[in-house]
Each structure stands twice: as structure tokens, then as C-alpha cells.
Colleague: 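Can you keep this structure in mind? I'll have questions shortly.
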Amino acid sequence: ERTDYITFCQSIMDRFEMSKKQNIEFVRQFPKGSFYVLIDRDKLTQVIDNIISNAIKYSPEGGIITFAIRRRGNKIRSMISDQGVGIPKENLPKIFNRFYRVDRARSRKLGGTGLGLAIAKEMVEAQGGEIWAESDWNRGTTIHFILPLDRRDS
Ligand code: ATP
Ligand code: MG
């Protein structure tokens with residue numbers, strides 16, 4: 001479905017603001033204007049929900065979660081950053097594998113199956129995009145993903 005990406009992300013973030021329980025601050029760094037993408041909205045909602053849920057799950061009290069969007073040529077890039085526990089460098093490539101979880105003990109306490117990011121990767125790639133993670137142990141994590149803009153727009 002042809003979708004205005006900024007409006008789409010605003011409504012996802014509005015929903016997270018409404019249901020926020022922890023002491024967490026959400027910051028949006030969205031460009032002005034409209035950027036159209038051809039996406040399956042339900043699937044992309046699931047992708048972003050998982051990334052933000054992870055960010056919340058691994059954030060400290062009072063942590064800031066930043067959702068930044070930038071246009072680069074005929075692509076749109078999204079970056080979701082947290083100030084949480086982070087992921088050690090050697091584990092970073094594996095977090096997109098099915099059932100992979102960095103710290104089994106910690107993960108068990110926090111719940112989940114380890115499928116969220118594997119599904120996110122599948123869905124982003126099915127829509128012609130790319131996804132990857134960047135992280136500093138104990139400082140935080142950023143998940144990046146890129147989607148192609150609808151050609152009718154560029
Ligand atoms: P599910 O998403 O199925 O509920 P999950 O959140 O454990 O379970 P994924 O979303 O696939 O699974 O994430 C895989 C693992 O990557 C997590 O268990 C966690 O160890 C690590 N991880 C993901 N996001 C973050 C983050 N923002 N900060 C720290 N670790 C993370
Ligand atoms: Mg998850």
C-alpha cells in the first residue's frame with residue numbers, strides 16, 4: 001500500500017506514548033513533508049513495534065528512546081536508538097537469527113521468544129529494504145533500517 005511514511009510512524013509513536021508505563025522518554029526526529037513508501041502496513045507496524053518494544057525492554061529507568069528518520073536520495077532511513085544495556089560486538093550479527101537471545105538468564109526474566117528481530121529482518125527485506133544493528137555494550141543500541149521510496153515520488 002502506498003503510504004506516507006512520516007504520518008505512519010507518527011501514529012505508531014502516538015500509540016506508544018498513550019500506553020507508556022515505564023518512565024521512558026520518546027523523542028521523534030522526523031523530517032517535514034511527505035515521503036511515500038510502498039509497504040504492507042500491518043507487517044511494517046509489526047517490525048517497528050518489535051524494535052521499539054525491545055528498546056523499552058532493555059532501557060533503564062528514565063531512558064530516552066529516539067526515533068530518527070532521514071531521506072537519502074530514493075531511500076528513507078529509520079534509526080531507533082536506546083540508552084540501554086547494549087549488545088556486545090561479537091553477538092551483534094546474531095541478533096537477527098531465529099531464537100537467538102544475547103543473555104539467556106536476563107532474557108528469560110524479560111520474556112519473549114527471540115523471534116522478533118528475525119521476523120523484522122524477513123519483512124524489511126521482503127519490502128526491498130535492509131536492516132542492521134549498531135551497539136555499544138552498556139551505552140545503548142541503534143537499529144537502522146532502510147526502505148525504498150515509492151518511485152512515483154522521486
Ligand atoms: P521476542 O521479540 O520474540 O519477544 P526477543 O525480544 O528476545 O523476543 P528479538 O526481538 O529477536 O527477541 O531480539 C533478540 C535478542 O537481541 C534479544 O533477546 C536481546 O538479547 C537482543 N536485543 C534486541 N534488541 C535489543 C536492545 N534494544 N538492547 C539490547 N539488546 C537487544
Ligand atoms: Mg523482541
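Just follow the structure's listing: the first ligand is 1, and inside any ligand the first atom is 1.
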Colleague: Out of Leu115, Ile87, Thr142, who gets a non-hydrogen atom closest to atom 22 (N) of ligand 1?
Modeller: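 Closest candidate by heavy-atom distance is Ile87.
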Colleague: A cation-pi test, strictly: NZ or CZ of Arg28 under 6.0 Å from the centre of the six-membered ring of Phe67 and no more than 45 degrees from its axis. Yes or no?
Modeller: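 No, cation not above the ring by the 6.0 Å, 45° rule.
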Colleague: Between the candidates Asp82, Asn54, Ile52, Leu92, which shows the shortest non-hydrogen contact distance to atom 23 (C) of ligand 1?
Modeller: Asn54
Colleague: Leu117 to ligand 1: N or O pair under 3.5 Å?
Modeller: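 There is such a contact, yes.
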Colleague: Between Arg70 and Arg72, is there a donor-acceptor pair closer than 3.5 Å when you use the side chain of the first and the backbone of the second?
Modeller: no
Colleague: Going by the order shown, which atoms of ligand 1 are within less than 4.0 Å of some heavy atom of Gly86?
Modeller: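 The atoms of ligand 1 under 4.0 Å from a heavy atom of Gly86 are 29 (C).
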Colleague: Looking only at atom types and distance, does a side-chain atom of Glu25 sit under 3.5 Å from a main-chain N or O of Ile65, one as donor and one as acceptor?
Modeller: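 The answer is no, because no donor-acceptor pair under 3.5 Å joins these two groups.
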Colleague: Are Lys89 and Glu134 close enough for a salt bridge, meaning some N to O gap below 4.0 Å?
Modeller: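 Result for this pair is no, no salt bridge flagged.
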Colleague: For Val85, is at least one N or O under 3.5 Å away from an N or O on ligand 1?
Modeller: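 No, no N or O pair falls under 3.5 Å.
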Colleague: If every non-hydrogen atom of Glu90 is compared with every non-hydrogen atom of Lys94, which pair is closest and at what distance?
Modeller: O-CE, 3.7 Å
Colleague: Check whether any side-chain N or O of Glu130 sits under 3.5 Å from a backbone N or O of Ile146 as a donor-acceptor pair, and report yes or no.
Modeller: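 Looks like no, no N/O pair under 3.5 Å.
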Colleague: Please check: side-chain N/O of Lys20 versus main-chain N/O of Ile24, any donor-acceptor pairing under 3.5 Å?
Modeller: yes
Colleague: Is it true that a side-chain atom of Thr142 and a backbone atom of Ser81 form a donor plus acceptor pair closer than 3.5 Å?
Modeller: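 No.
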Colleague: Report the part of Val102 (side chain from C-beta onward, or backbone N, CA, C, O) that has a heavy atom under 4.0 Å from ligand 1; answer both or neither where that applies.
Modeller: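 It is both parts that get close, each with some atom under 4.0 Å.
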Colleague: Taking Asp82 for the side chain and Thr141 for the main chain, is one N or O donor matched with an acceptor at less than 3.5 Å?
Modeller: yes
Colleague: For the Mg ion (ligand 2), does an N/O/S atom of Asn50 lie at less than 2.8 Å?
Modeller: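 Here the distance criterion (N, O or S atom, under 2.8 Å) is met by Asn50, so yes.
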Colleague: Heavy-atom contacts with Tyr100 under 4.0 Å: which atoms of ligand 1 show up? List them by number with element.
Modeller: 14 (C), 15 (C)
Colleague: Which option out of Ser135, Gly114, Pro88 puts a heavy atom nearest to atom 8 (O) of ligand 1?
Modeller: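 Looking at heavy atoms only, the winner is Gly114.
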Colleague: Between Asn50 and ligand 1, which part of the residue brings a heavy atom under 4.0 Å of the ligand: side chain, backbone, both or neither?
Modeller: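 Near ligand 1, Asn50 shows its side chain, while the N, CA, C and O stay back.
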Colleague: Counting each atom of ligand 1 from 1 as listed, which ones have a heavy atom of Ile95 under 4.0 Å away?
Modeller: 14 (C), 16 (O)
Colleague: Considering only heavy atoms, does Thr113 approach ligand 1 within less than 4.0 Å through its side chain, its backbone, both, or neither?
Modeller: both
Colleague: Test of understanding: given a 4.0 Å heavy-atom threshold, classify the contact between Ile143 and ligand 1 as side chain, backbone, both, or neither.
Modeller: neither
